[in-house]
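Note sheet for the following structure.
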Amino acid sequence: MTLTFDRLRKQYGQVVAIDDVTASFAPGLIHGVIGPNGAGKSTLINMTAGSYSVSAGSIALDGKRLDTLKKYQIANSGVARTYQNIRLFDQMTVLENLEVCFYPADVGGTLKEVMWPPYAAARRERRREKCMETLRLFDLQGYAQAEAGSLPYGRQRMLEIARALVCDPRVLLLDEPAAGLNHHETAELTARLAAQRLPDRITIIVEHDMDLVMSLCDNIIVMHHGKLLFQGTPAEVQASPDVQLAYLGTANDIDDIRAAAQDRRAQLGIRARRRS
Ligand SMILES: Nc1ncnc2c1ncn2[C@@H]1O[C@H](COP(=O)(O)OP(=O)(O)OP(=O)(O)O)[C@@H](O)[C@H]1O
Ligand SMILES: [Mg+2]
């Protein structure tokens, strides 16, 4: 199973957000996507999840085109995502946030569910168990009956990831999962995501937090002005003068890149606090 971008392009009016990007993502690995603001990182996620259409080129999973499918069909193909700005069902409970997204493997049983109440009850119970089990992965079980919108910001980030994981996706797309998290929460998130690195899962993380990216990702893609500037291991990315130039405009060491990324986190932290 491989996810591939082939000569991918996205244009918003005159703005070319993604320009001729070809890349492939192997299962069992965590792939990082980094790059300065406006580089096109979220656009890649949005096109893969079907939120945005593709202007040219293609996206395929296992050789099967995704970009010609509707958004729900892409989700049914095993692609799940989170958003750069958290999008939970604020008025629902934490558990309900997962339950509404849980898609049973035996979807054909819906008619049986209507016709036979014991079957419906057993199915509800299975769904609840699976959702609770997923909440436990993120230590959220204690919040199960709380309104999602009432959770502290850091827990909301975790909940959004748990929701994306509840259907055991083959492709997990995370857009800035550490945005607005403090150092401690980011370390917790890094550990929890590391535990979700499964042999048959492709994980793609867009992130500005360099500590998270460098410690978690096996492979990193560096985007710059919509183009794929560099692809390599964390060590290769850190050693690349091209990458340093892309971030800073001057060739410098990784500490400067980290400092730039830290500024970015601080900006987002302010935005996150304002939001709540
Ligand atoms: N819906 C949209 N309509 C018009 N232009 C857009 C839209 N979404 C993104 N863009 C533009 O496309 C380019 C890439 O944006 P994108 O959000 O993918 O960048 P990014 O790498 O995720 O940036 P950031 O790190 O700030 O989140 C930018 O120039 C942006 O202004
Ligand atoms: Mg973005």
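Both counts, for ligands and for their atoms, begin at 1 and track the order of listing. None of these values were measured; they are calculated from a predicted model.
In terms of N/O distances under 3.5 Å, ligand 1 is approached by Ala39. Residue Gly35 places no N or O, backbone or side chain, under 3.5 Å from any N or O of ligand 1. Considering backbone and side-chain atoms alike, Gly38 places an N or O below 3.5 Å from some N or O of ligand 1.
The nearest pair of heavy atoms linking Gly149 to Gln156 is O-NE2, 3.3 Å. Counting all heavy atoms, side chain and backbone alike, Pro234 lies closest to Asp218 at CD-O, 3.7 Å.
Of all atoms in ligand 1, numbered sequentially from 1 with element shown, those under 4.0 Å from a heavy atom of Glu176 are 25 (O), 27 (O). Numbered from 1 in the order shown, with element, the atoms of ligand 1 that lie under 4.0 Å from a heavy atom of Thr43 read 14 (C), 15 (O), 16 (P), 18 (O).
The shell of residues lying under 4.0 angstrom from ligand 1, judged by heavy atoms, includes His208.
At a threshold of 4.0 Å, the pair Arg9-Asp19 counts as salt-bridged, since one of the basic side-chain nitrogens sits closer than that to a carboxylate oxygen.
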Side chains of residues 69-77: which donor-acceptor partners sit under 3.5 Å, not counting sequence neighbours?
from	atom 1	to	atom 2	distance (Å)
Gln73	OE1	Lys70	N	2.7
Ser77	OG	Gln73	O	2.8

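At a cut-off of 2.8 Å, Gln84 is counted among the residues with an N, O or S atom near the Mg ion (ligand 2). Under 2.8 Å from the Mg ion (ligand 2) lies no N/O/S atom of Thr43, from backbone or side chain alike.
Of all the heavy atoms of Gln84, the ones lying under 4.0 Å from any atom of ligand 1 belong exclusively to the side chain.
Taking the centre and axis of the six-membered ring of Phe102, the NZ or CZ atom of Arg128 falls outside the cone set by 45° and 6.0 Å.
Around atom CZ of Arg65, more than 12 heavy atoms belonging to other residues, nucleotides or ligands sit under 6.0 Å away.
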For this session: Could you check Asp67 against Ser58 for side-chain hydrogen bond (donor to acceptor under 3.5 Å, both in side chains), going step by step and ending with a plain yes or no?
Result: CA-CA 6 Å; Asp67 57 277; Ser58 61; 4.7 Å; no

